[in-house]
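Sequential numbering from 1 along the given sequence is applied to the chain's residues. Worth saying up front: this structure is predicted, and the values here are computed from it rather than measured.
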Amino acid sequence: MTDQQGPAAGVDRQMAELDETDRRIVDKLRGNSRMSMRALAAALHISRANVYTRVARLERDGVITGYTAIIDPQRYGHALSAYVYLKVQQQSWKRLQDRLLSIPEVDHAALVSGEHDIVLLVRTRDTAALRDLVLTRLQEMPEVLSTQTDLIFDETTPAARLVGTSAD
């Protein structure tokens, strides 16, 4: 769902420490990734050349890994959200992660500690689609030993706080 490009080629080398201006740039772009460099410079009271240089460095160093559109899942047609917890075979995370993220309904996947091995945030159009996702597509993966599904009744995300805020 995101337009992430993965880690930049130079991520392994020593990266310069982020200063307050770098952090302010990232915060502004997280609030509005479509903000122009001119508007970003004006909002931060720095030159456009400085903004261009810093954003290019942040991208090159892998701090900024991509830009994305934030959607309202319900208006997009995914009215049902759930956390699906997976117990999987030992050492199968690396084999599974790309396959899990290729499923359009999977919004987020994480390897976690505790009772379960992987937690997925999934969004589907209805209960039938959720049932198909869990009982067919996930449970039929040979690495998946068991699943547990928790429905999400309501959620608050950082993106929801951005609605109605100015793009200053």
Side-chain angles (χ1 to χ4, degrees), residues 1-9 11 23-37 39-40 43 55 58-168:
M1 296 193 112
T2 62
D3 178 25
Q4 294 185 344
Q5 301 157 347
V11 169
R23 292 184 188 286
R24 289 174 50 219
I25 288 171
V26 170
D27 289 344
K28 288 289 185 187
L29 289 174
R30 287 182 72 196
N32 179 2
S33 65
R34 294 180 55 151
M35 178 179 273
S36 71
M37 293 298 125
L40 185 55
V55 169
L58 291 166
E59 290 172 343
R60 183 188 67 238
D61 289 348
V63 175
I64 296 175
T65 60
Y67 299 88
T68 188
I70 300 169
I71 64 162
D72 179 314
Q74 290 196 347
R75 291 183 183 194
Y76 183 68
H78 288 165
L80 185 64
S81 297
Y83 289 111
V84 179
Y85 301 90
L86 307 177
K87 284 189 182 182
V88 298
Q89 293 174 353
Q90 291 282 327
Q91 308 300 319
S92 63
W93 167 246
K94 288 184 181 187
R95 288 192 313 271
L96 274 174
Q97 61 184 337
D98 290 336
R99 198 168 356 144
L100 292 171
L101 290 175
S102 72
I103 299 170
E105 296 88 350
V106 174
D107 201 33
H108 177 81
L111 180 66
V112 296
S113 64
E115 182 181 343
H116 301 96
D117 301 307
I118 297 172
V119 63
L120 306 175
L121 170 58
V122 301
R123 301 183 190 282
T124 64
R125 66 182 179 281
D126 54 28
T127 55
L130 178 62
R131 183 180 62 242
D132 175 64
L133 173 64
V134 174
L135 298 180
T136 304
R137 291 188 281 160
L138 293 174
Q139 288 185 359
E140 288 183 358
M141 290 180 182
E143 298 90 350
V144 175
L145 302 175
S146 67
T147 63
Q148 176 183 326
T149 304
D150 290 337
L151 296 179
I152 298 172
F153 295 127
D154 196 8
E155 62 185 311
T156 302
T157 63
R161 292 185 299 215
L162 298 175
V163 175
T165 62
S166 65
D168 60 346

Strictly distance-based, threshold 3.5 Å: is any side-chain N or O of [X] a donor or acceptor partner for the main-chain N or O of [Y]?
X: D126; Y: A128; result: yes
X: D107; Y: L121; result: no
X: S36; Y: A39; result: yes

Heavy atoms only: give me the nearest [X]-[Y] pair and the separation to one decimal.
X: A43; Y: R24; value: O-NH2, 4.4 Å
X: R99; Y: S102; value: O-OG, 2.7 Å
X: Q74; Y: A79; value: NE2-O, 3.8 Å
X: P142; Y: Q89; value: O-NE2, 3.2 Å

Can you tell me how far apart [atom1] ([X]) and [atom2] ([Y]) are? Round to the nearest 0.5 Å.
X: I64; Y: R30; atom1: CD1; atom2: CZ; value: 10.5 Å
X: L138; Y: I103; atom1: CG; atom2: CD1; value: 5.0 Å
X: L151; Y: T127; atom1: CG; atom2: OG1; value: 9.0 Å
X: T68; Y: R34; atom1: OG1; atom2: CZ; value: 12.0 Å
X: L120; Y: L86; atom1: CG; atom2: CG; value: 4.5 Å
X: T65; Y: E59; atom1: OG1; atom2: CD; value: 10.0 Å

field: Pairs touching residues 133-142 that satisfy salt bridge (Lys or Arg N to Asp or Glu O under 4.0 Å), sequence neighbours left out
entry: E105-R137, D132-R137
task: For R125, look at atom CZ and say whether over 12 heavy atoms of other residues, nucleotides or ligands are found less than 6.0 Å away.
output: no
- prompt: Knowing that exactly one of H116, Q139, K87 qualifies, which makes a side-chain hydrogen bond (donor to acceptor under 3.5 Å, both in side chains) with T147?
  reply: Q139
task: Might you work through the side chain to side chain contact (heavy atoms under 4.5 Å, CB included) test for Y85 and D150, ending with a clear yes or no?
output: CA-CA 8 Å; Y85 301 90; D150 290 337; 3.2 Å; yes
field: Side chains of L111 and Q97 in contact at under 4.5 Å (non-hydrogen atoms)
entry: no
- prompt: If we only count heavy atoms from C-beta on, is the L40 to V55 side-chain gap below 4.5 Å?
  reply: yes
- prompt: So I118 and W93, side chain to side chain contact (heavy atoms under 4.5 Å, CB included) or not? Walk me through it.
  reply: CA-CA 8 Å; I118 297 172; W93 167 246; 3.4 Å; yes
